[in-house]
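All remarks here apply to the structure that follows.
Computed over heavy atoms, backbone and side chain alike; hydrogens, waters and symmetry mates excluded.
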Amino acid sequence: MDDGPLWWPVQRLVDSYRRGSVSPVEVAELALKRIDQVDPALHAFVLATPELALRQAAEAEAAYRNGYAGPLTGVPVSIKDAFHIEGHVTTLGSLAHADNVARHDSGAVRRLRRAGAVIVGKTNVPEFCQSATTDNLLGPDTANPFDPDRTAGGSSGGAAAAVASGTCTVGLGSDGGGSIRIPASFCGLVGLKPTYGAVDDAGGFRAFSPFISVGPLARCVADAHCLLSVLSGESVRSADTPPSLSPRRVAWCAKPEGRPIDADVGDLAAAAVKQLAACGHDVTPVELDLAGWEEIFGPLVLAEEGERRGHLLGGPHELTWYHRRSLMAAEQLDPAVLTRARSDLDGYRERVDSYFSDYDVIATPATATTAFRLGHRPEIIAGERVARLWGAFPFAVPFNVSGHPAVVLPAGFVDGLPAAVQLVGRYGSDNELLSLAEQLETELDVRPFTRLPNHWSPV
C-alpha cells in the first residue's frame, strides 16, 4: 500500500530518508500514533517504547545528514517479547516475569540497533512462547487485523499483527515450532525460519533450544531478506538487484503425512506451486515421509521447560492452563521416551535432508486452515477429526525438527482471510530460498493489505 510511509517497503523508506523527502522522526511519530489507534482492538503490543523510538529516530536523522546510515536506519521495527531490550520489561507472556526489566539487549536486538532500526515496541507472546496462538494472563488475546474476532497465530502473533496492521515496517520473531510461519500465514505476511543455528541470540530467552530460529516477519520478501541479512551479519542485497535463479527441482507435497487440509487452502497452495512450474522450475508431486517429528519435538520441548521453569509450579504466580499442563507433563516425562527422542533427532534430520539429493526445494501448504476464531481451535478439518494441538498447523514443525530453512508467503484469500504456501530449502540455502520466494511473490502478485477492513485503512 502506498498511502503512507508506514506501508512502504524498507528500500523505498530508506531512499526517501536519503533524499530528505520524509524524516525518521516523522515516521516514528506516525508509528507510535498508529499503535495508539489500532492496538486497543488488536492487542499486538505488550508495550510501546516511545522514548526509545524517538531518540533512535533523532539519531537516524543525524546519521543520514552525516552519511553513516546503516541498512535499517530510521526503519520502524517491533521486537517480540521473547527478546531483551535493555531497560525495558521482558514479560515472556507470563505474570511471573511481568516486572522483569532487562539489563542488556539480547543478540538479535544488538544487531538491529547497530543497523539503525527504530524500535517502536515489544509485541505480545503466549506464556513462554508455548502456544501457536497468542493468549496469556497479562491481557486480551492478540487478534488478527483481517478479522479481529480471529487469532493472529503464535507464538509471534503480536509481531505478525503489528506488521500487518501497519504499526511498523518489519517485525523480529522467533520460530521454534512454526512460531513465525503460522502467524505469517494467518496475517498475510512473509515469514522466514532461517536454517537452524544461522542467527544467534546471545544472552536471550531460552526455549525450544534444539529447534528454534530467529527470523523476520515482513510484508514482502525483499524486506524479510533485508532483515535476515542484518540478523545474520551478511551484506544486504539491494532491492534493485533482481534475484538470479536457475531452474529448481521442486517437490510438491500437497498433504504432508496425509493430514487433512481445508480444500480452498490447499487449492491456493497448489495454484502457487503451478506458478513455479510456469516460471520454468521442475515441479514434481511427491509424498514425503515426514512422520516422527512429534515423538522428538514434544519430549525435548517438555524436558527443557521442566528444567528451566519447573519451579514455577506451586509458585506465587498464576500460570496459563497450557503452560501449567506442559510443566506437569514434564514432571511425568518417561526418561526412556526422552532418551529415544534425543537419539532419534539426528536420524530424522538425515532422513529429511536426504530428500534434497533429488530436489532443491520442498513446497507444502503453510497451514491446514485460515485463521480461526479466538479461543476456538478447529476440531474437524475437511471432515476429519484432528488433534487440538497441531490440527490447524501441522506442516511447520517437521522443518523445525529437521532444521531446514523455510519461508511462507501469501498465496491468496479464502473468505477474505489470507492463506499461504511454504517453501523449504536445503541447509544454508536461505538466500537462494528467499530469491525463489521473491520470484513467486512477483508472479502471484497477491496484495493482502489492500484487503484489510476499512477500519484498519492507513488513510
Side-chain angles (χ1 to χ4, degrees), residues 10 24 27-28 31-32 35 44-60 63 69-94 97-125 128-129 155-160 162-163 167-176 179-180 183 191-194 197-209 212-218 223-234 236:
V10 169
V27 174
L32 295 169
I35 293 171
F45 286 86
V46 176
L47 75 154
T49 54
E51 291 184 6
L52 174 62
L54 293 173
R55 183 176 73 248
Q56 291 177 322
E59 292 168 353
L72 291 177
T73 296
V75 175
V77 178
S78 63
I79 305 295
K80 181 179 179 178
D81 198 28
F83 298 91
H84 300 312
I85 303 175
E86 181 181 355
H88 294 80
V89 170
T90 305
T91 74
L92 304 174
S94 179
H97 286 258
D99 300 315
N100 283 16
V101 176
R103 290 179 285 184
H104 61 270
D105 290 342
S106 55
V109 174
R110 286 197 295 274
R111 294 186 191 98
L112 293 175
R113 281 194 197 261
R114 287 198 297 267
V118 170
I119 297 171
V120 298
K122 301 202 75 180
T123 53
N124 202 16
V125 296
F128 299 112
C129 300
S155 64
S156 304
V163 176
T167 62
C168 55
T169 305
V170 288
L172 177 66
S174 56
D175 191 319
S179 289
I180 287 173
L192 171 71
K193 180 195 79 69
V199 179
D200 180 39
D201 185 45
F205 167 63
R206 290 292 176 260
F208 304 90
S209 293
I212 198 160
S213 294
V214 177
L217 289 122
D223 285 1
H225 210 157
C226 178
L227 191 55
L228 173 68
S229 298
V230 168
L231 293 171
S232 63
E234 299 180 357
V236 178

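Put simply, the side chain of F205 does not reach to within 4.5 Å of the side chain of S174, judged on heavy atoms. Side-chain atoms of I180 and L217, non-hydrogen and from C-beta on, do get closer than 4.5 Å to each other. H104 is listed as a side-chain neighbour of H84, based on a closest heavy-atom distance under 4.5 Å. Contact annotation: the side chain of V77 never approaches that of V120 to less than 4.5 Å [non-hydrogen atoms, C-beta and beyond]. Inter-residue side-chain proximity for L228 and P194 is flagged as met; some heavy-atom pair is nearer than 4.5 Å.
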**OP:** For the pair L231 and V214, evaluate side-chain contact (heavy atoms from CB on, under 4.5 Å) and give the outcome as yes or no after the intermediate values.
**Re:** CA-CA 8 Å; L231 293 171; V214 177; 4.3 Å; yes

**OP:** Please test L112 against I79 for side-chain contact (heavy atoms from CB on, under 4.5 Å), starting from the C-alpha separation and ending with a verdict.
**Re:** CA-CA 10 Å; L112 293 175; I79 305 295; 3.6 Å; yes

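In this structure D105 satisfies the salt bridge (Lys or Arg N to Asp or Glu O under 4.0 Å) test together with R113, sequence neighbours excluded.
Nearest approach of L54 to A28, heavy atoms of both residues: CD2-CB, 4.1 Å. The minimum heavy-atom distance linking T169 with V163 is given by the pair O-CG1, 3.8 Å. Of all heavy-atom pairs spanning G173 and K80, the tightest one is CA-CD, 4.0 Å. Closest approach of C226 and P71 over heavy atoms only: SG-O, 4.3 Å. Of all heavy-atom pairs spanning F208 and F128, the tightest one is CE1-O, 4.3 Å. The heavy-atom pair separating L92 from A82 by the smallest distance is CD2-CA, 3.8 Å.
Atom CG of residue D175 and atom CG of residue L192 lie 8.5 Å apart, to the nearest 0.5 angstrom. Put simply, CD1 on I35 and SG on C168 are 7.5 Å apart, with the number rounded to the nearest 0.5 Å. Between the CG atom of L227 and the OG atom of S232 there is a distance of 9.5 Å, given to the nearest 0.5 Å. Atoms CG and OG, from D81 and S155 in turn, are 11.0 Å apart once rounded to the nearest 0.5 Å. Rounded to the nearest 0.5 Å, atoms CD1 (I212) and CG (D201) are 8.5 Å apart. Taking CG of L172 as the start and CZ of R111 as the end, the distance is 10.0 Å to the nearest 0.5 Å.
With T49 contributing its side chain and I119 its backbone, the two residues share a donor-acceptor pair below 3.5 Å. Put simply, the side chain of S213 never gets that close to the backbone of K193: no donor and acceptor are under 3.5 Å apart. Proximity of a side-chain donor or acceptor of K122 to a complementary backbone N or O of F83 within less than 3.5 Å is detected. For the pair T91 (side chain) and A98 (backbone), a donor-acceptor distance under 3.5 Å is absent. Within the 3.5 Å criterion, the main-chain N or O of V89 finds no donor-acceptor partner in the side chain of N100. Using modelled atom types, one side-chain atom of S156 and one backbone atom of S179 make a donor-acceptor pair closer than 3.5 Å. Remark: the backbone N or O of A102 is not paired with any side-chain donor or acceptor of H88 at under 3.5 angstrom. Under a 3.5 Å cut-off, the side chain of N124 and the backbone N or O of V46 do not form any donor-acceptor pair. Counting only distance, with no hydrogens or angles, the side chain of T167 and the backbone of A162 share a donor-acceptor pair below 3.5 Å.
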